[in-house]
There are 2 protein chains.
Amino acid sequence: MTNDRPADRGAAVAPDAGAAEPAQLSSAIGDYLKAIWQLAQDGPTGTGEIARELNVTAPSVTGMLGKLHGLGLVTYQPYRGAELTQEGRREALRLIRRHRLLETFMIDKLGFGWDAVHAEAELMEHSMSDEFTERLAEHLGQPEFDPHGDPIPRADGSLPSAPGTPLTELRVGQRIRVHRVLSQGSEVLAYVESLGVGPGAELRLVGVEPGGHLLRLEAVASGEPLALSRELAALVVGQVLPEG
Amino acid sequence: MTNDRPADRGAAVAPDAGAAEPAQLSSAIGDYLKAIWQLAQDGPTGTGEIARELNVTAPSVTGMLGKLHGLGLVTYQPYRGAELTQEGRREALRLIRRHRLLETFMIDKLGFGWDAVHAEAELMEHSMSDEFTERLAEHLGQPEFDPHGDPIPRADGSLPSAPGTPLTELRVGQRIRVHRVLSQGSEVLAYVESLGVGPGAELRLVGVEPGGHLLRLEAVASGEPLALSRELAALVVGQVLPEG
DNA sequence: GGCGATCATTAGTCACGCCTAAACTCTAGA
DNA sequence: TCTAGAGTTTAGGCGTGACTAATGATCGCC
Ligand SMILES: [Mn+2]
Ligand SMILES: [Mn+2]
Ligand SMILES: [Mn+2]
Ligand SMILES: [Mn+2]
């Protein structure tokens with residue numbers, strides 16, 4: 001056994017100093033950074049938004065933002081929201097890399113369902129070392145995209161670009177090959193999968209309900225018709241296929 | 001993201017009631033149970049012994065034993081030590097299964113060194129679900145022993161029996177095939193490995209230093225001579241090969 | 001330009017796991 | 001039998017990350 005846990009004592013954070021990172025960031029910190037990363041794509045993110053994303057209360061977020069600011073991972077002005085610093089973004093992407101590699105492993109090697117891997121990866125991402133991560137990436141063949149179609153950040157922090165058009169931008173008659181579904185909720189994923197609209201699917205836009213709230217599509221292969229709300233269709237992204 | 005952490009509030013432990021297990025046991029609890037499992041093979045384990053094993057102080061152990069007792073995972077009498085209950089043993093073995101499967105995966109599939117996997121498994125074992133564990137076992141071919149030669153508890157809680165004779169019980173001239181090295185410290189493992197005494201090695205006892213504090217052996221294959229202290233030799237276990 | 005709704009922050013707690021220092025118990029040896 | 005020392009428990013605290021209740025800021029709308 002001989003538990004080799006960090007056992008990090010003390011090292012109190014200097015109230016507002018610009019550095020002094022703790023040896024290892026906690027998993028709570030990591031989850032905040034990831035949440036801010038995906039919420040603050042343009043402009044700072046508000047406290048409440050982060051709270052909603054992480055299922056915590058707003059005061060918890062306020063407290064954590066103060067701490068992250070002290071660690072130099074985030075810029076934060078009270079009542080104005082927070083944004084990742086370079087440092088914070090680096091850490092967020094490190095975790096997202098772990099997360100997506102894990103999901104890839106679980107689906108491709110362990111045979112998990114598409115929609116059943118997120119919660120587990122959310123936990124395990126915090127206990128993987130860099131070495132484990134890179135060896136796993138090697139084992140998987142250095143994938144650039146996970147089975148949801150999401151880009152896997154590279155070890156150097158860069159992000160493979162995922163070319164993509166959401167279903168909502170198709171013109172009637174156009175065909176698309178689905179690459180990616182922009183959701184992590186297993187309910188949404190399982191539903192989309194059950195319609196046959198997961199990554200790899202080829203679809204044709206047959207028509208749009210007057211008002212545009214519903215899209216009518218069909219599977220290219222089988223001709224099966226299916227309908228999708230505009231809201232859900234906006235989450236399904238792919239590559240437009242040449243007309244023919 | 002949508003962090004699906006337990007978020008377990010409240011549920012204060014009834015001071016001495018015999019049940020009321022929390023939804024999920026913490027990783028600290030798990031590590032205590034594992035430590036007690038391996039220390040209390042016969043008779044109760046003392047506070048200090050557990051403290052040493054886990055690198056915590058004795059008062060921390062006292063506190064945790066009270067809690068474990070309240071959860072019905074351990075029997076505990078102040079000043080007398082603790083022992084696992086049925087329930088506690090079940091949980092310990094569940095974790096040890098995860099731990100050893102992970103180590104097997106890391107060594108066999110990811111190419112980690114024999115001696116470099118323990119610390120990582122010690123952390124990751126706590127974030128694996130049952131489903132992940134069983135799928136991983138399947139992926140690995142339901143192994144019964146890990147690459148250290150340690151038996152992997154089965155999903156039902158039973159333990160494959162590891163037949164074994166320690167080097168210290170060999171008679172001069174006898175040969176043995178090493179199955180197992182009873183240590184988890186990577187220093188010991190790396191040293192033993194460097195001598196060529198890891199699982200799979202075949203050795204012959206050439207002689208014993210007067211007093212018995214040192215064993216002289218040779219590798220059956222190469223004839224290479226090597227020496228081992230009695231203390232270390234006691235940790236190396238194998239199957240005696242028929243005389244020839 | 002004032003006002004209220006919405007959003008965010010402060011204030012005060014809590015559970016968990018750990019710590020040090022001090023008091024206590026047990027036991028083995030004189 | 002008494003007692004010293006090893007081992008254990010109690011007392012008091014800390015850091016982390018959550019919570020609720022109360023207070024404060026911002027902003028859109030009339
Ligand atoms: Mn995910
Ligand atoms: Mn996470
Ligand atoms: Mn191990
Ligand atoms: Mn552990």
Side-chain angles (χ1 to χ4, degrees), chain A residues 3-15 20-33 35-36 39 43-71 73-74 76-82 123 126, chain B residues 3-15 20-33 35-36 39 43-71 73-74 76-82 123 126:
Chain A
N3 199 330
D4 301 317
R5 261 168 303 150
D8 53 323
R9 285 272 83 216
V13 172
E21 203 154 337
Q24 247 247 92
L25 301 173
S26 70
S27 51
I29 287 178
D31 285 334
Y32 275 90
L33 294 176
I36 296 167
L39 292 172
T45 319
T47 303
E49 214 174 348
I50 300 171
R52 222 167 304 121
E53 180 72 18
L54 293 177
N55 277 304
V56 298
T57 60
S60 302
V61 176
T62 301
M64 183 57 95
L65 289 181
K67 176 180 208 165
L68 296 180
H69 182 64
L71 289 170
L73 297 167
V74 123
Y76 168 54
Q77 290 193 281
Y79 294 100
R80 283 289 126 90
L123 292 177
H126 304 290
Chain B
N3 199 330
D4 301 318
R5 260 169 301 151
D8 52 325
R9 288 267 81 219
V13 172
E21 204 154 336
Q24 247 247 91
L25 301 172
S26 70
S27 52
I29 287 178
D31 285 335
Y32 274 89
L33 294 176
I36 297 167
L39 292 172
T45 319
T47 303
E49 214 174 347
I50 299 170
R52 223 166 304 120
E53 181 72 17
L54 293 178
N55 279 303
V56 297
T57 60
S60 302
V61 176
T62 301
M64 184 57 93
L65 290 182
K67 176 181 208 164
L68 296 179
H69 182 63
L71 290 171
L73 296 167
V74 123
Y76 168 55
Q77 291 192 281
Y79 294 100
R80 281 290 126 89
L123 292 177
H126 304 289

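These numbers come from a predicted model, not from an experiment.
Atom CG in A:Leu65 sits about 11 Å away from atom P in C:dT10, given to the nearest Å. Rounded to whole Å, the distance from CD on B:Glu49 to P on D:dT9 is 13 Å. Atoms CE (A:Met64) and C1' (D:dC19) sit 14 Å apart, rounded to a whole Å. In this structure, A:Gln77 places its CD atom 14 Å from C1' of D:dT26, rounding to the nearest Å. Protein atom CD1 of A:Ile50 is 15 Å distant from nucleotide atom P of D:dG17, rounded to whole Å. If you measure from atom CG of B:Leu68 to atom P of C:dC18, you get 11 Å, rounded to the nearest angstrom. D:dG17 atom P lies 17 Å from atom CG of A:Asn55, rounded to whole Å.
Contact annotation: B:Tyr76 side-chain N/O to D:dT8 OP1/OP2 distance is not under 4.0 Å.
With values rounded to the nearest 0.5 angstrom, B:Ile50 atom CD1 is found 8.0 Å from B:Tyr32 atom OH. Taking CG of A:Asp31 as the start and CD of A:Glu53 as the end, the distance is 10.0 Å to the nearest 0.5 Å. Here NE2 of A:His126 is found 12.5 Å from CG of B:Leu123. Values are rounded to the nearest 0.5 Å. Separating the OH atom in B:Tyr76 from the OG1 atom in B:Thr47 is a distance of 5.0 Å, to the nearest 0.5 Å.
Between A:Ala82 and A:Ile36, the shortest heavy-atom contact is O-CG2, 4.4 Å. Shortest non-hydrogen contact noted between A:Arg80 and A:Pro44 is O-CB, 3.8 Å.
The side chain of A:Thr62 sits closest to C:dT9 out of C:dG17, C:dT9, C:dC18. Taking every side-chain heavy atom of B:Lys67 into account, C:dG17 is the closest of C:dA8, D:dT9, C:dG17.
In this structure B:Ser60 satisfies the side chain to side chain donor-acceptor pair (under 3.5 Å) test together with B:Thr57, sequence neighbours excluded.
Residue B:Gly46 is classed as a sugar-phosphate contact, given heavy-atom separations below 4.0 Å to backbone atoms only.
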Close N or O pairs between protein and nucleotides 20-26 of chain C (under 3.5 Å):
unit_1, atom_1, unit_2, atom_2, d
C:dT25, O4', B:Tyr79, OH, 3.3

